[in-house]
Amino acid sequence: GGSGVMGYKAMNSTPGVGVRYLVALYDLGSGALLAQIDADWLTAQRTAATGALATDILANPVIASCGVLGSSDQSRTLLASVASIRRPGQIKVFSPTAENRNRFAAEMEAILDVNVIPVDSAQDAVEGCDLVLSAFRADSTPVISANWIAPGSHLNACSSILPDARE
């Protein structure tokens with residue numbers, strides 16, 4: 001609406017590799033291509049910013065403990081963005097692959113300068129947390145149980161993107 005630009009998002013799916021996205025942005029006046037943007041990066045940033053906004057508006061002012069489900073780039077951007085709004089005292093992370101969760105914990109601890117503890121189950125990551133960040137590839141089996149969530153906790157869940165997926 002009046003911006004003078006238009007864009008579109010293109011995606012492809014390669015068997016065994018996954019989905020890749022691209023955003024192209026054009027100047028409406030000249031038709032010139034202004035930018036081609038990696039939409040994976042853009043989506044991670046947009047989702048993280050939305051999570052930080054939701055946390056700012058809805059979460060308790062003090063976050064003693066934050067649980068993270070997932071060790072992907074989306075998990076990294078979501079945690080970094082939310083931590084800029086609510087600084088957790090400690091962070092627990094679960095990812096099914098021990099190597100991935102350990103690497104995530106070490107990297108995010110160095111970036112955020114806060115204790116990040118890799119844990120062995122989703123339940124260990126969620127229980128007792130004031131804030132839960134869920135960013136993993138959900139399937140049809142729920143990963144989070146309602147009885148793990150403490151009263152007053154805030155959840156940012158961005159894993160369930162398919163109709164049959166459950167967090």
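Please read all numbers here as calculations on a predicted model, not as lab measurements. Keep in mind that the numbers below use all heavy atoms, side chains included, and drop hydrogens, waters and symmetry copies.
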query: CG/Leu25 to CE/Met6 distance, rounded to the nearest 0.5 angstrom?
result: 9.0 Å

- request: Please check if the side chain of Asn156 supplies one atom and the backbone of Gly51 the other of a donor-acceptor pair under 3.5 Å.
  value: yes

- prompt: Ala24 and Leu33: which non-hydrogen atoms are nearest, and at how many Å?
  reply: CB-CD1, 4.2 Å

message: Please determine whether residues Ile37 and Tyr8 belong to a single hydrophobic cluster, defined as Ile, Leu, Val, Met, Phe, Trp and Tyr linked transitively by side-chain heavy-atom distances below 4.5 Å.
response: no

- prompt: For Gln74, does its backbone N or O pair with a side-chain atom of Thr77 as donor and acceptor, under 3.5 Å?
  reply: yes

field: Donor-acceptor contact below 3.5 Å, side chain Ser153 vs main chain Cys129
entry: yes

query: Given the rule in the side-chain contact (heavy atoms from CB on, under 4.5 Å) test, do Leu22 and Gln36 qualify, once you have shown the distances and angles that lead to the verdict?
result: CA-CA 7 Å; Leu22 172 76; Gln36 290 184 327; 3.9 Å; yes

N/O donor-acceptor pair under 3.5 Å between Thr97 side chain and Glu99 backbone: no

message: Rounded to the nearest 0.5 Å, what separates atom CG in Leu78 from atom CG in Asp73?
response: 12.0 Å

query: Between Asp56 and Arg86, does at least one N-O distance fall below 4.0 Å, as a salt bridge requires?
result: yes

task: Please answer whether the main-chain N or O of Ser65 pairs with a side-chain N or O of Lys92 as donor and acceptor at a distance below 3.5 Å.
output: no

- line: Interatomic distance, CD1@Ile85 vs OG1@Thr55, rounded to 0.5 Å, equals 8.0 Å

query: By side-chain hydrogen bond (donor to acceptor under 3.5 Å, both in side chains), which residues pair with Asn147, not counting sequence neighbours?
result: Ser145

task: Determine whether Phe94 and Val143 make a side-chain contact, defined as any pair of heavy atoms from C-beta on separated by less than 4.5 Å.
output: no

- prompt: Quick one: are Asp130 and Val62 in side-chain contact, heavy atoms under 4.5 Å?
  reply: no

query: Same cluster for Leu28 and Val5 if Ile/Leu/Val/Met/Phe/Trp/Tyr side chains link at under 4.5 Å?
result: no

query: Counting N and O atoms only, with roles assigned by atom type, does the side chain of Thr43 sit under 3.5 Å from a partner on the main chain of Asp40, one being a donor and the other an acceptor?
result: no

message: Once side-chain hydrogen bond (donor to acceptor under 3.5 Å, both in side chains) is applied, do any residues pair with Asn115, and if so which ones, sequence neighbours excluded?
response: none

Distance-minimising heavy-atom pair for Pro118 and Ala105: CD-CB, 3.8 Å

message: What's the separation between atom CZ in Phe136 and atom OG in Ser71, rounded to the nearest 0.5 Å?
response: 11.5 Å

- prompt: After noting the C-alpha distance and the side-chain angles of Asp120 and Arg101, does the key distance pass the side-chain contact (heavy atoms from CB on, under 4.5 Å) rule?
  reply: CA-CA 9 Å; Asp120 294 328; Arg101 71 176 170 257; 3.1 Å; yes

task: Answer yes if Ile111 and Val68 sit in the same cluster of Ile, Leu, Val, Met, Phe, Trp and Tyr residues linked by side chain heavy atoms under 4.5 Å apart, and no otherwise.
output: yes

statement: Here the gap from Met11 atom CE to Tyr21 atom OH, rounded to the nearest 0.5 Å, amounts to 4.5 Å

message: Within a 6.0 Å radius of atom CG on Asp113, are there more than 12 heavy atoms belonging to other residues, nucleotides or ligands?
response: no

- request: Please report the closest heavy-atom contact between Val23 and Ala39, naming both atoms and the distance.
  value: CG2-CB, 3.7 Å

message: Measuring only between side-chain heavy atoms, which start at C-beta, is Ile149 closer than 4.5 Å to Val132?
response: no

statement: Rounded to the nearest 0.5 Å, the NE2 atom of His154 sits from the SG atom of Cys66 at a distance of 10.0 Å

- request: Can you see which heavy atom on Asn100 is nearest to which on Ser95, and at what distance?
  value: CB-OG, 4.1 Å

- prompt: Can you check whether Pro88 reaches Leu131 side chain to side chain, under 4.5 Å on heavy atoms?
  reply: no

